[in-house]
Protein chains: 2
Amino acid sequence: MARYQVGIRTESKILEATRQLLAEGGLDAATLKAICERAGVQAGSFYNIFPSKEQAIMQVAGEAIQAVDPDPDLSGTESLNDLVDAYIRFVVEQSDLARVYLQVAVTVGNDDSVTRRFLRHHVRRVERFAQAMLRESLVSTEGEAITKAEVLLGALDGLAFRWVLDRSFDFRKHARYAVSQCGR
Amino acid sequence: MARYQVGIRTESKILEATRQLLAEGGLDAATLKAICERAGVQAGSFYNIFPSKEQAIMQVAGEAIQAVDPDPDLSGTESLNDLVDAYIRFVVEQSDLARVYLQVAVTVGNDDSVTRRFLRHHVRRVERFAQAMLRESLVSTEGEAITKAEVLLGALDGLAFRWVLDRSFDFRKHARYAVSQCGR
DNA sequence: CGACTTTTTGAGTATACACTCCATTTTGGA
DNA sequence: TCCAAAATGGAGTGTATACTCAAAAAGTCG
């Protein structure tokens with residue numbers, strides 16, 4: 001299935017449309033009709049590229065889950081502030097993906113493969129936060145570091161949800177306050 | 001439209017079924033067919049009692065939004081620990097309603113009447129938390145109290161989401177840790 | 001150009017959904 | 001016991017959805 005250029009452009013038009021629709025109205029808004037209309041494409045073209053609607057949505061959701069993580073190459077060297085700043089930047093600058101990230105986390109059925117993937121990434125992020133905390137001596141035992149990291153990430157996720165429901169909420173300020181509370 | 005006993009029982013069977021389905025699989029799982037099957041009722045009976053499926057769901061969602069608040073009569077006297085304990089109890093003991101609460105918060109379209117209702121309640125809860133913090137001198141200005149309350153509630157909501165995705169997560173322990181961090 | 005492959009089109013299919021209709025049964029007060 | 005109001009069963013309606021297919025168009029490369 002060597003591809004022509006036009007097909008590759010169509011693929012990215014479809015993915016972009018899907019991303020927008022997911023960000024705007026969640027899974028319900030991302031109907032095949034809506035995706036195709038926004039991408040300027042017919043249903044047949046969609047299915048020439050993707051085997052199913054779900055496949056396209058998974059791809060966008062996967063992108064979002066990846067994007068929430070800061071540069072993996074830096075893992076093990078960054079400060080807690082760096083990690084939180086990366087999360088803030090993700091939410092503020094890539095707000096579409098951030099909304100997708102939060103939408104899929106809750107909307108998809110439990111015990112789903114997406115949920116498992118989501119949790120796997122979450123656990124990895126918790127460990128990264130916990131290690132930064134240990135490095136900065138904010139905490140004495142590894143167990144306490146994990147707990148503290150879960151609470152901080154919980155706060156960041158909760159504040160991000162708050163921001164998704166009400167865009168006038170100052171996410172950056174509250175996220176910074178949350179991390180400052182860990183520092184004592 | 002004076003009601004007969006049997007109709008009132010049918011109504012509560014339908015509401016119970018709706019509550020369960022919403023808790024288990026969110027809005028998507030609460031189809032008319034699923035609700036009627038679980039309630040042991042036919043579609044015609046459903047529409048004899050509720051004008052629409054949405055109406056029944058709204059009623060359950062409203063219940064959940066109410067239930068997250070601790071006793072309003074105590075407002076202005078309870079400690080921060082009381083407030084957090086009430087939230088923990090809600091999540092742990094009324095887990096079905098708690099899941100509904102979190103599901104509807106995210107699933108419903110933005111700018112929806114449910115979203116507004118949800119936000120109104122949230123703001124009121126933030127104020128209640130902030131006042132408790134002021135009373136306990138955890139904070140000096142009202143502005144800081146509001147910020148701190150937003151962060152604490154964000155953490156509680158975020159941890160509750162974490163628990164919804166993974167029931168083996170120890171919500172109580174992490175929630176307690178979150179509030180203990182405010183105390184310094 | 002000409003042969004071949006990929007892409008696009010757009011009408012068409014099957015299905016699941018919320019909701020309706022109304023004949024029939026059940027209820028509960030007089 | 002009677003009867004009007006309320007509740008029920010269950011087939012039926014319209015609509016939106018994901019997805020298919022065969023023919024036509026457009027891209028690629030010698």
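Letters A, B, ... are given to chains in the order of the sequence lines, protein chains preceding strands, and every chain is numbered from 1.
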Student: Let me know the distance between CD of A:Glu11 and C1' of C:dT8, rounded to the nearest Å.
Tutor: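 Rounded to the whole Å, the gap is 16 Å.
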Student: To the nearest Å, give me how far apart CG (B:Asn48) and P (D:dA7) are.
Tutor: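 Going from B:Asn48 (CG) to D:dA7 (P), I get 5 Å.
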Student: Check salt bridge (Lys or Arg N to Asp or Glu O under 4.0 Å) between B:Lys173 and all other residues, then give those that pass, not counting sequence neighbours.
Tutor: none
Student: With sequence neighbours left out, what residues match A:Arg38 under salt bridge (Lys or Arg N to Asp or Glu O under 4.0 Å)?
Tutor: A:Glu24
Student: Ignoring backbone atoms, test whether B:Gln42 places a side-chain nitrogen or oxygen under 4.0 Å from the OP1 or OP2 oxygen of D:dT8.
Tutor: no
Student: Would you tabulate the pairs of protein nitrogen or oxygen atoms and nucleotide nitrogen or oxygen atoms of nucleotides 24-28 of chain C closer than 3.5 angstrom?
Tutor:
{"from": "C:dT27", "atom 1": "O2", "to": "B:Tyr4", "atom 2": "OH", "distance (Å)": "3.3"}
{"from": "C:dG28", "atom 1": "OP1", "to": "B:Gln5", "atom 2": "N", "distance (Å)": "3.3"}

Student: Quick check on A:Glu54: does its CD atom have over 12 non-hydrogen neighbours (other residues, nucleotides or ligands) under 6.0 Å away?
Tutor: no
Student: Note the angle between the end axes of the helix from C:dC1-D:dG30 to C:dA30-D:dT1, five pairs defining each, rounded to 10 degrees.
Tutor: 20°
Student: I need the CD-C1' distance between A:Glu37 and C:dT9, as an integer number of Å.
Tutor: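 Roughly 15 Å, once rounded to whole Å.
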Student: Please list, chain by chain and in numerical order, all residues satisfying ring pair (Phe, Tyr, Trp, His ring centres under 6.0 Å) with A:Phe90, sequence neighbours excluded.
Tutor: none
Student: Any salt bridge (Lys or Arg N to Asp or Glu O under 4.0 Å) pairs touching residues 5-14 of chain A, not counting sequence neighbours?
Tutor: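 Passing the test, one end in residues 5-14 of chain A: A:Arg3-A:Glu11.
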Student: Tabulate atom names and distances for all N/O pairs under 3.5 angstrom spanning the protein and nucleotides 17-25 of chain D.
Tutor:
{"from": "D:dA18", "atom 1": "OP1", "to": "A:Leu32", "atom 2": "N", "distance (Å)": "3.3"}
{"from": "D:dA18", "atom 1": "OP1", "to": "A:Lys53", "atom 2": "NZ", "distance (Å)": "2.6"}
{"from": "D:dA18", "atom 1": "OP2", "to": "A:Leu32", "atom 2": "N", "distance (Å)": "2.7"}
{"from": "D:dC19", "atom 1": "OP2", "to": "A:Tyr47", "atom 2": "OH", "distance (Å)": "2.6"}
{"from": "D:dC19", "atom 1": "OP2", "to": "A:Lys53", "atom 2": "N", "distance (Å)": "2.8"}
{"from": "D:dC19", "atom 1": "O5'", "to": "A:Tyr47", "atom 2": "OH", "distance (Å)": "3.1"}

Student: In Å, rounded to the nearest 0.5 Å, how long is the span from CZ of A:Arg135 to OG1 of A:Thr77?
Tutor: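 Going from CZ on A:Arg135 over to OG1 on A:Thr77, the span is 6.5 Å.
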Student: Between atom CZ in B:Phe50 and atom P in C:dT20, what is the gap in whole Å?
Tutor: 15 Å
Student: Check salt bridge (Lys or Arg N to Asp or Glu O under 4.0 Å) between A:Glu142 and all other residues, then give those that pass, not counting sequence neighbours.
Tutor: none
Student: Using whole Å, what does the distance between atom P of nucleotide C:dT9 and atom CD1 of A:Ile49 come to?
Tutor: 11 Å
Student: Once salt bridge (Lys or Arg N to Asp or Glu O under 4.0 Å) is applied, what residue pairs with a partner in residues 58-69 of chain A remain, sequence neighbours excluded?
Tutor: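 Output for this query lists A:Arg19-A:Glu63.
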Student: Which residues pass the side-chain contact (heavy atoms from CB on, under 4.5 Å) test with B:Ala30, not counting sequence neighbours?
Tutor: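 Testing B:Ala30 for side-chain contact (heavy atoms from CB on, under 4.5 Å), a comparison that skips the adjacent residues, returns B:Leu21, B:Leu22, B:Ile35, B:Ile57.
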Student: By salt bridge (Lys or Arg N to Asp or Glu O under 4.0 Å), which residues pair with A:Arg176, not counting sequence neighbours?
Tutor: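 Checked A:Arg176 against salt bridge (Lys or Arg N to Asp or Glu O under 4.0 Å); matches are A:Asp85.
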Student: What is the distance, rounded to the nearest whole Å, between atom NZ of A:Lys13 and atom P of C:dT7?
Tutor: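 For the pair A:Lys13 NZ and C:dT7 P, the rounded distance is 13 Å.
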Student: For residues 127-134 of chain A, which side-chain N or O atoms pair as donor and acceptor with protein atoms under 3.5 Å away, sequence neighbours left out?
Tutor:
{"from": "A:Arg128", "atom 1": "NH1", "to": "A:Pro70", "atom 2": "O", "distance (Å)": "3.3"}
{"from": "A:Arg128", "atom 1": "NH2", "to": "A:Pro70", "atom 2": "O", "distance (Å)": "3.3"}
{"from": "A:Arg128", "atom 1": "NH2", "to": "A:Asp71", "atom 2": "O", "distance (Å)": "2.7"}
{"from": "A:Arg128", "atom 1": "NH2", "to": "A:Glu78", "atom 2": "OE1", "distance (Å)": "3.0"}

